[in-house]
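Along the sequence shown, residues carry numbers from 1. Because the structure is predicted, anything quoted here is derived from the model rather than measured.
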Amino acid sequence: MSDDILKRLSALTLSIKHLSRLPRFSNFIPSCLPSPGSTVTASQVPILFREPYILSGYRPVQQHWHFYLLSLFQRHNESLNVWTHLLAVPVLLLRWWANVGALGYTLDAVSLPLSLFLLSSLTYLLLSVAAHLLQSHSEHAHYFFFFMDYVGVAVYQYGCSLGHYFYTSEATWRESYVGLLFLPGAAFFGWLSCAGCCFAKSRYRRPYPLRRKICQLIPTTLAYMLGISPVVHRLFTVSWTQEPSMSFHALQIVTFLLSALFFSCPIPERFLPGRCDFVGQGHQIFHLFLSLCTVSQLEALFHDYSKRRDAVMEVFGERQLWWACVSFPALILCCILTALITMRHITKQLQDKQDEDKRL
């Protein structure tokens with residue numbers, strides 16, 4: 001019996017020796033994958049990439065593009081900014097399909113504003129992911145991807161406005177001056193939001209002055225106040241007990257205001273410099289609340305759509321529905337052109353800076 005055990009132990013030992021000669025699992029991992037220790041401190045990256053009170057966790061600049069793509073799976077100070085919006089995409093899609101299955105949704109003129117809201121939400125989420133994932137490549141990439149991020153924000157603002165106008169608004173609000181000018185005003189303020197953010201980004205350098213934040217916040221605040229006006233009017237004029245969408249509309253307002261707070265103020269990292277480098281930054285919290293706001297909007301609009309879809313065509317008419325939705329790609333085009341024109345200006349500035357550095 002003991003001899004048999006010894007033989008088995010001997011065979012096991014030989015097997016382990018043979019296994020030890022096999023290539024290690026780490027050898028199969030592509031060498032291009034960023035290592036966990038590949039982040040650097042704020043002093044090791046150009047000032048353009050530094051965030052206030054974030055002292056470490058930066059990715060080095062001027063690496064190959066695959067470095068930044070694969071940093072999706074690395075721990076750095078943009079990781080949660082990427083994942084908070086990336087994970088919101090499947091959540092939105094799952095809630096979309098769940099609601100579509102429950103309501104028997106069909107794509108037609110009546111449901112088109114709802115579809116454009118989903119498209120606008122996915123656009124801003126994915127452009128935000130691209131910006132935070134790839135902006136560290138170079139100064140040129142930093143500006144380009146954040147300009148595209150601003151395009152996504154403007155598109156999302158207008159997508160929300162379309163949904164609120166066609167599914168949420170009350171007749172008394174639509175007959176007011178705000179209601180009559182709502183759609184062209186929403187398109188204009190959406191573009192102004194993109195233009196204001198692009199201008200502020202291109203005009204001011206770090207450390208950013210207060211004027212930069214004002215240039216960003218004033219147009220986006222105006223766009224939000226107009227876009228949310230039919231919802232606010234309904235919240236104060238309709239009984240919540242009879243409208244299941246009211247609680248979701250209230251939630252979207254609360255979460256948006258909280259997101260705006262954390263976007264505007266670098267808290268809590270302002271009081272804990274260096275301790276929120278990876279987790280707990282105000283911008284990460286802003287992303288979380290904004291994602292929750294978008295999911296709440298989707299639920300609210302589906303409730304409104306299910307209750308009013310039979311009356312939408314009668315109230316607005318097919319022509320107004322189609323014209324409002326044709327303006328959606330027109331706004332996208334205007335915002336992209338604005339971003340590209342601003343990018344052309346930035347490219348010239350960067351080239352002049354390189355030429356000056358070479359002369360020195």
Rounded distance [0.5 Å steps], [atom1] in [X] versus [atom2] in [Y]:
{"X": "Leu337", "Y": "Cys194", "atom1": "CG", "atom2": "SG", "value": "10.0 Å"}
{"X": "Leu69", "Y": "Trp65", "atom1": "CG", "atom2": "CH2", "value": "8.0 Å"}
{"X": "Leu261", "Y": "Ile267", "atom1": "CG", "atom2": "CD1", "value": "4.5 Å"}

I'd like to check [X] versus [Y] (side-chain heavy atoms, cut-off strictly below 4.5 Å). Are they in contact?
{"X": "Val110", "Y": "Tyr305", "result": "yes"}
{"X": "Thr172", "Y": "His233", "result": "yes"}
{"X": "Ser121", "Y": "Leu298", "result": "no"}
{"X": "Leu257", "Y": "Phe289", "result": "no"}
{"X": "Lys348", "Y": "Asp352", "result": "yes"}
{"X": "Val45", "Y": "Val40", "result": "yes"}
{"X": "Ser38", "Y": "Phe67", "result": "yes"}

Nearest non-hydrogen partners of [X] and [Y], listed with the distance:
{"X": "Ser229", "Y": "Val178", "result": "OG-CG1, 3.9 Å"}
{"X": "Ser239", "Y": "Thr241", "result": "OG-OG1, 2.8 Å"}
{"X": "Ala42", "Y": "Arg50", "result": "O-NE, 2.9 Å"}
{"X": "Phe166", "Y": "Leu183", "result": "CZ-CD1, 4.2 Å"}
{"X": "Gln252", "Y": "Cys293", "result": "O-SG, 3.4 Å"}
{"X": "Thr342", "Y": "Ser202", "result": "CG2-OG, 3.6 Å"}

Fill in: Tyr224 and Ser193 side chains, donor-acceptor separation under 3.5 Å
no
Item to complete: Ignoring hydrogens and angles, state whether a donor on the side chain of Tyr156 or Thr294 is under 3.5 Å from an acceptor on the partner side chain.
Response: yes
Given the rule that I, L, V, M, F, W and Y join up when any side-chain heavy atoms are under 4.5 Å apart, are [X] and [Y] in one cluster?
{"X": "Leu288", "Y": "Phe256", "value": "no"}
{"X": "Leu292", "Y": "Leu301", "value": "no"}
{"X": "Val231", "Y": "Val315", "value": "yes"}
{"X": "Leu333", "Y": "Phe328", "value": "no"}
{"X": "Leu210", "Y": "Tyr204", "value": "yes"}

Response to the item:
Sorted by chain and residue number, the side chain to side chain contact (heavy atoms under 4.5 Å, CB included) partners of Ala330 (sequence neighbours excluded) come out as none
Worksheet item: Applying salt bridge (charged side-chain N to carboxylate O under 4.0 Å, His left out), which residue pairs with at least one partner in residues 111-139 are found, sequence neighbours left out?
Response: Glu139-Lys353
Item to complete: Would you mind listing every salt bridge (charged side-chain N to carboxylate O under 4.0 Å, His left out) that reaches into residues 224-241, with sequence neighbours excluded?
Response: Glu170-Arg234, Arg234-Glu243, Arg234-Asp304
Discussion item. My understanding is that a hydrophobic cluster links ILVMFWY residues whose side chain heavy atoms are under 4.5 Å apart, including indirect links. Using that, what else belongs to the cluster containing Val279?
Written reply: Leu80, Phe278
Worksheet, complete the sentence: Tracing side-chain contacts under 4.5 Å among Ile, Leu, Val, Met, Phe, Trp and Tyr outward from Val238 reaches none
Discussion item. Show me the pairs that pass ring pair (Phe, Tyr, Trp, His ring centres under 6.0 Å) and involve residues 178-201, at least two apart or across chains.
Written reply: Tyr165-Phe182, Trp173-Phe182
Fill in: Worked check of side chain to side chain contact (heavy atoms under 4.5 Å, CB included) between Leu86 and Leu125
CA-CA 7 Å; Leu86 186 61; Leu125 288 170; over 6 Å; no
Worksheet item: Got a sec, which residues hit ring pair (Phe, Tyr, Trp, His ring centres under 6.0 Å) with Phe117, two or more places apart in sequence or on another chain?
Response: none
Item to complete: Please name the residue in the list Gln281, Gln284, His283 that meets the side-chain contact (heavy atoms from CB on, under 4.5 Å) test with Glu269.
Response: Gln281
Discussion item. So, applying side-chain contact (heavy atoms from CB on, under 4.5 Å) with Cys335, which one of Ile332, Thr338, Leu331 is it?
Written reply: Leu331
Quick check: does any side chain N or O of [X] sit under 3.5 Å from a backbone N or O of [Y], one acting as donor and the other as acceptor?
{"X": "His164", "Y": "Pro230", "result": "no"}
{"X": "Ser111", "Y": "Thr106", "result": "yes"}
{"X": "Trp83", "Y": "Phe73", "result": "no"}

Expected list for residues 212-223: side-chain donor-acceptor pairs under 3.5 angstrom, two or more places apart:
{"from": "Lys213", "atom 1": "NZ", "to": "Phe263", "atom 2": "O", "distance (Å)": "3.4"}
{"from": "Thr220", "atom 1": "OG1", "to": "Gln216", "atom 2": "O", "distance (Å)": "2.8"}
{"from": "Thr220", "atom 1": "OG1", "to": "Leu217", "atom 2": "O", "distance (Å)": "3.0"}
{"from": "Thr221", "atom 1": "OG1", "to": "Leu217", "atom 2": "O", "distance (Å)": "2.5"}

Review item, side-chain donor-acceptor pairs of residues 52-61, under 3.5 Å, at least two apart:
{"from": "Tyr53", "atom 1": "OH", "to": "Arg270", "atom 2": "NH1", "distance (Å)": "3.2"}
{"from": "Ser56", "atom 1": "OG", "to": "Asp277", "atom 2": "OD2", "distance (Å)": "2.6"}
{"from": "Tyr58", "atom 1": "OH", "to": "Glu51", "atom 2": "N", "distance (Å)": "2.9"}
{"from": "Tyr58", "atom 1": "OH", "to": "Glu51", "atom 2": "O", "distance (Å)": "3.4"}
{"from": "Tyr58", "atom 1": "OH", "to": "Ile54", "atom 2": "O", "distance (Å)": "2.7"}
{"from": "Arg59", "atom 1": "NH1", "to": "Ser71", "atom 2": "OG", "distance (Å)": "2.9"}
{"from": "Arg59", "atom 1": "NH1", "to": "Leu133", "atom 2": "O", "distance (Å)": "2.7"}
{"from": "Arg59", "atom 1": "NH2", "to": "His132", "atom 2": "O", "distance (Å)": "2.9"}
{"from": "Arg59", "atom 1": "NH2", "to": "Ser136", "atom 2": "OG", "distance (Å)": "3.3"}

Item to complete: Run the numbers on Trp240 and Leu235 for side chain to side chain contact (heavy atoms under 4.5 Å, CB included), then give the verdict.
Response: CA-CA 8 Å; Trp240 289 30; Leu235 285 171; 3.5 Å; yes
Distance-only donor-acceptor hits, side chain of residues 88-97, under 3.5 Å, sequence neighbours excluded:
{"from": "Arg95", "atom 1": "NE", "to": "Glu299", "atom 2": "OE2", "distance (Å)": "2.5"}
{"from": "Arg95", "atom 1": "NH2", "to": "Glu299", "atom 2": "OE1", "distance (Å)": "3.3"}
{"from": "Arg95", "atom 1": "NH2", "to": "Glu299", "atom 2": "OE2", "distance (Å)": "3.2"}

Discussion item. Apply side chain to side chain contact (heavy atoms under 4.5 Å, CB included) to residues Ile253 and Val232 and explain how you reach the verdict.
Written reply: CA-CA 9 Å; Ile253 291 176; Val232 174; 4.1 Å; yes
Fill in: Worked verdict on Phe316 versus Arg174 for side chain to side chain contact (heavy atoms under 4.5 Å, CB included)
CA-CA 11 Å; Phe316 298 100; Arg174 290 193 298 272; 3.5 Å; yes
Discussion item. Looking at Arg319, I want to see if its CZ is surrounded by more than 12 non-hydrogen atoms of other residues, nucleotides or ligands under 6.0 Å.
Written reply: no
Worksheet item: Heavy-atom count around Met313 CE within 6.0 Å, excluding the residue itself: above 12?
Response: yes
Practice prompt. Return each pair, listed once, that meets side chain to side chain donor-acceptor pair (under 3.5 Å) where at least one residue sits in residues 253-264; pairs must be two or more places apart or across chains.
Written response: none
Practice prompt. Determine whether the aromatic ring centres of Tyr124 and His85 lie less than 6.0 Å apart.
Written response: yes
Tabulate below the donor-acceptor pairs under 3.5 Å that side-chain atoms of residues 141-154 make, not counting sequence neighbours, or state none.
{"from": "His142", "atom 1": "ND1", "to": "Gln135", "atom 2": "OE1", "distance (Å)": "2.6"}
{"from": "His142", "atom 1": "NE2", "to": "Lys201", "atom 2": "NZ", "distance (Å)": "2.7"}

